[in-house]
Amino acid sequence: MTLNRRPLSITILACLYLAVGILGFAFHFRELLSLQPDIGWIELTEFLAIVAGAFMLRGHNWARWLAIAWIAFHVAISFPVLRMVAIHFLFFAVIAWFLFRPTASRYFRGPRNQPT
């Protein structure tokens, strides 16, 4: 059985997702406690970033798709501010490139699905 080592780029991306999710969740938590409207949706998106980061570290393929969906959602909600759309789309492109490189695809495929 060969080891399926996690690429450094995936480790960094997963840790970034964890950091953004945890910091965002903590930042908005007081607003959640004050029962401000719509803050639950913000906290949900932060929680999804945490989930994506944690499970990318574990090599779950669905987590990289969640990570892509998460950043795509941020591109969509950036409209109509062109500068925000451009920045989020740049993040989307870089993240997608790292998540779907051949080494990342092998990692997310896992050792149980590796050809022998």
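Just so it is clear, the structure is predicted and the values come from calculations on it, not from any experiment. Residue numbers start at 1 and run along the sequence shown.
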> Do Arg109 and Asn61 have side-chain heavy atoms sitting under 4.5 Å apart?
Replying inline: no

> Can you tell me how far the CD1 atom of Ile95 sits from the NE2 atom of His74, to the nearest 0.5 Å?
Replying inline: 10.0 Å

>> Is it the case that atom CZ in Phe91 sees more than 12 heavy atoms from other parts of the structure closer than 6.0 Å?
In response: no

> Is the backbone of Leu48 close enough, under 3.5 Å, to the side chain of Trp70 for a donor and an acceptor to pair up by distance?
Replying inline: no

>> Between Val20 and Ile50, is there a side-chain heavy-atom distance shorter than 4.5 Å?
In response: no

>> Please evaluate residues Ile77 and Phe73 with respect to the criterion side chain to side chain contact (heavy atoms under 4.5 Å, CB included), reporting the C-alpha separation (whole Å), side-chain torsions for both, the decisive distance (0.1 Å), and the verdict.
In response: CA-CA 6 Å; Ile77 64 172; Phe73 173 73; 3.6 Å; yes

> Between Phe25 and Ile42, is any pair of side-chain heavy atoms under 4.5 Å apart?
Replying inline: no

> Any cation-pi pair here, Arg64 with Trp62, using under 6.0 Å and within 45°?
Replying inline: no

> Okay, side chain of Tyr17, backbone of Ala67: is any donor-acceptor separation there less than 3.5 Å?
Replying inline: yes

>> Measuring from atom NE2 of His88 to atom CZ of Arg83, what distance do you get when rounded to the nearest 0.5 angstrom?
In response: 11.5 Å

> Of the non-hydrogen atoms in Ile39 and Glu31, which two are nearest, and what is the gap between them?
Replying inline: CD1-OE1, 2.8 Å

>> I want to check something: taking the side chain as every heavy atom from C-beta on, are Met56 and Leu99 in contact at a cut-off of under 4.5 Å?
In response: yes

>> For Ala104 versus Phe98, what's the shortest heavy-atom pair and its separation?
In response: CB-O, 3.4 Å

>> Using a 6.0 Å cut-off, check whether atom CZ of Phe89 has over 12 heavy atoms from anything other than its own residue.
In response: no

>> Could you tell me if the side chain of Phe79 sits less than 4.5 Å from the side chain of Met84, heavy atoms only?
In response: no

>> I'd like to check Phe108 versus His60 (side-chain heavy atoms, cut-off strictly below 4.5 Å). Are they in contact?
In response: no

> Is the shortest heavy-atom distance from the side chain of Leu66 to the side chain of Phe55 under 4.5 Å?
Replying inline: no

